[in-house]
Asker: 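This is the structure I have questions about; it appears just below.
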Amino acid sequence: RSLVFQIALQQQNPLPGLLLHRLHLILFRCFQGFTLVRCDIELRAHVLTPDQLGNIAAARIDHLKTAYRMPALRVRLQPVTSATRIPLIQNGTIDLECGSTTNNLERQQQVSFVNTTFVTANRVMAKKSSGVAKLEDLKGKTLVSTSGTSNLKQVTQLNGDKNLGINIVPASDHSNAFQMVETDRAAAFAMDDILLYSLVASSKTPAAYVISSEALSIEPYGIMLRK
């Protein structure tokens with residue numbers, strides 16, 4: 001038998017240890033009868049290189065293979081993005097995703113979730129010099145968020161509901177979204193606060209940025225699988 005699973009380790013996400021620990025507690029205890037596992041890891045080019053990230057996963061999985069006496073376990077890494085993770089679950093490319101994926105009612109119509117791994121919040125990050133402290137401060141300005149995320153959908157809805165006139169632009173990934181703020185192509189970036197804090201901390205000038213105290217929503221991360 002075979003099991004295909006994805007660990008969505010975003011390179012600017014400070015949670016790889018937590019996600020792999022969840023893999024340890026849940027995946028290997030529940031599926032010890034499987035002999036083939038493909039591990040699909042979401043790669044981001046901001047903090048860690050693909051090789052560094054792969055080494056983190058490989059070291060942990062080697063430990064689990066020994067601990068659970070599964071020497072025949074084979075792992076293959078496959079890049080995915082926020083926009084492709086749900087389609088890849090639905091079309092059978094991957095069976096289990098353990099990453100920064102919000103468990104919400106809309107997604108429950110497409111996929112299933114096992115349990116919550118982490119709770120974060122949707123906030124706005126901007127340069128301190130911009131004067132942006134909350135969503136309303138972005139009237140008439142450009143806001144970026146990552147394509148395929150619940151954050152993008154939420155700020156789009158709030159923009160319409162409050163008639164803020166914000167120009168909302170999707171970015172291909174978190175790194176590109178951050179770079180848009182860094183290079184003044186966008187005034188702010190809406191995303192999960194833990195990802196924003198990681199991006200700011202690893203930037204060239206961390207002191208130049210501020211993350212809003214206002215939480216636009218609470219985002220519970222969940223382990224995702226097909227319905």
Side-chain angles (χ1 to χ4, degrees), residues 3-16 18-23 25-27 30-31 37-44 78-125 135 143-162 166 168-178 189-199 212 214-227:
L3 172 67
V4 181
F5 69 93
Q6 170 200 18
I7 310 174
L9 296 180
Q10 300 171 341
Q11 289 182 10
Q12 67 270 37
N13 190 335
L15 295 177
L18 172 62
L19 300 180
L20 285 168
H21 181 63
R22 293 294 180 181
L23 173 67
L25 293 179
I26 298 169
L27 190 74
C30 294
F31 300 102
V37 177
R38 184 168 77 241
C39 171
D40 300 331
I41 295 186
E42 180 172 7
L43 300 177
R44 302 291 195 195
Q78 174 181 317
V80 300
T81 67
S82 297
T84 63
R85 57 192 171 185
I86 290 179
L88 289 177
I89 284 281
Q90 291 177 314
N91 69 18
T93 301
I94 57 178
D95 293 321
L96 181 68
E97 187 258 358
C98 179
S100 56
T101 304
T102 299
N103 179 356
N104 58 32
L105 290 175
E106 179 183 356
R107 286 176 174 166
Q108 288 173 18
Q109 305 304 310
Q110 306 172 70
V111 295
S112 293
F113 289 87
V114 175
N115 67 342
T116 298
T117 58
F118 192 79
V119 178
T120 183
N122 186 12
R123 300 182 193 271
V124 172
M125 180 213 73
L135 190 66
L143 172 67
V144 64
S145 191
T146 307
S147 179
T149 63
S150 56
N151 313 78
L152 177 60
K153 180 165 185 178
Q154 184 190 39
V155 293
T156 301
Q157 182 174 341
L158 288 172
N159 186 35
D161 292 346
K162 297 184 177 184
I166 301 172
I168 298 177
V169 178
S172 59
D173 58 39
H174 305 327
S175 296
N176 287 334
F178 183 85
F189 175 22
M191 185 44 56
D192 299 344
D193 55 12
I194 190 167
L195 302 181
L196 294 176
Y197 282 116
S198 178
L199 284 161
S212 66
E214 174 190 50
L216 302 177
S217 67
I218 302 300
E219 304 289 322
Y221 290 169
I223 295 175
M224 182 173 63
L225 65 162
R226 274 191 303 283
K227 294 179 70 69

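All values below come from the heavy atoms of this structure, side chains included, with hydrogens, waters and symmetry mates left out.
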Asker: State, yes or no, whether a side-chain contact exists between V155 and I166 at a heavy-atom distance under 4.5 Å.
Answerer: no
Asker: If I take atom NE2 from residue H174 and atom OG from residue S100, how far apart are they, to the nearest 0.5 angstrom?
Answerer: 5.0 Å
Asker: Examine distances only and state if a side-chain atom of K227 and a backbone atom of Q108 form a donor-acceptor pair shorter than 3.5 Å.
Answerer: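 Checking the backbone N and O of Q108 against the side chain of K227, a donor-acceptor pair under 3.5 Å is found.
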Asker: Hey, what do you get for CD (Q157) to CG (L216), rounding to the nearest 0.5 Å?
Answerer: 12.0 Å
Asker: Whether the side chain of T102 engages the backbone of Y221 through a donor-acceptor N/O pair (distance < 3.5 Å, no angle test) should be reported.
Answerer: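 No, the answer is negative, given that no donor and acceptor are paired below the 3.5 Å cut-off.
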Asker: Using 0.5 Å steps for rounding, measure from the CE atom of M191 to the OG atom of S145.
Answerer: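 Reported to 0.5 Å precision, the distance equals 4.0 Å.
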Asker: Just wondering, do L143 and V169 contact through their side chains at under 4.5 Å, heavy atoms?
Answerer: no
Asker: Apply side-chain hydrogen bond (donor to acceptor under 3.5 Å, both in side chains) to residues D192 and N151 and explain how you reach the verdict.
Answerer: CA-CA 7 Å; D192 299 344; N151 313 78; 2.9 Å; yes
Asker: Compute whether any side-chain donor of one residue and acceptor of the other, for E219 and T120, lie under 3.5 angstrom apart.
Answerer: no
Asker: Using 0.5 Å steps for rounding, measure from the CD1 atom of I223 to the OG1 atom of T116.
Answerer: 9.0 Å
Asker: Can you run down the salt bridge (charged side-chain N to carboxylate O under 4.0 Å, His left out) pairs that involve residues 103-123, sequence neighbours left out, and say none if there aren't any?
Answerer: E106-K153, R123-D193
Asker: Are a donor atom and an acceptor atom from the side chains of T93 and N91 found within less than 3.5 Å of each other?
Answerer: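 A pair is found: one side chain offers a donor N or O, the other an acceptor, under 3.5 Å apart.
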Asker: Atom CZ of F118 and atom CD1 of I194: how far apart are they, to the nearest 0.5 Å?
Answerer: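 Result: 3.5 Å between the selected atoms.
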Asker: Atom OG1 in T149, atom CZ in R85: separation rounded to 0.5 Å?
Answerer: 7.5 Å
Asker: Find out whether I86 and M224 are in side-chain contact, i.e. whether some heavy atom of one side chain is under 4.5 Å from a heavy atom of the other.
Answerer: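 Contact flag for I86/M224 side chains = yes.
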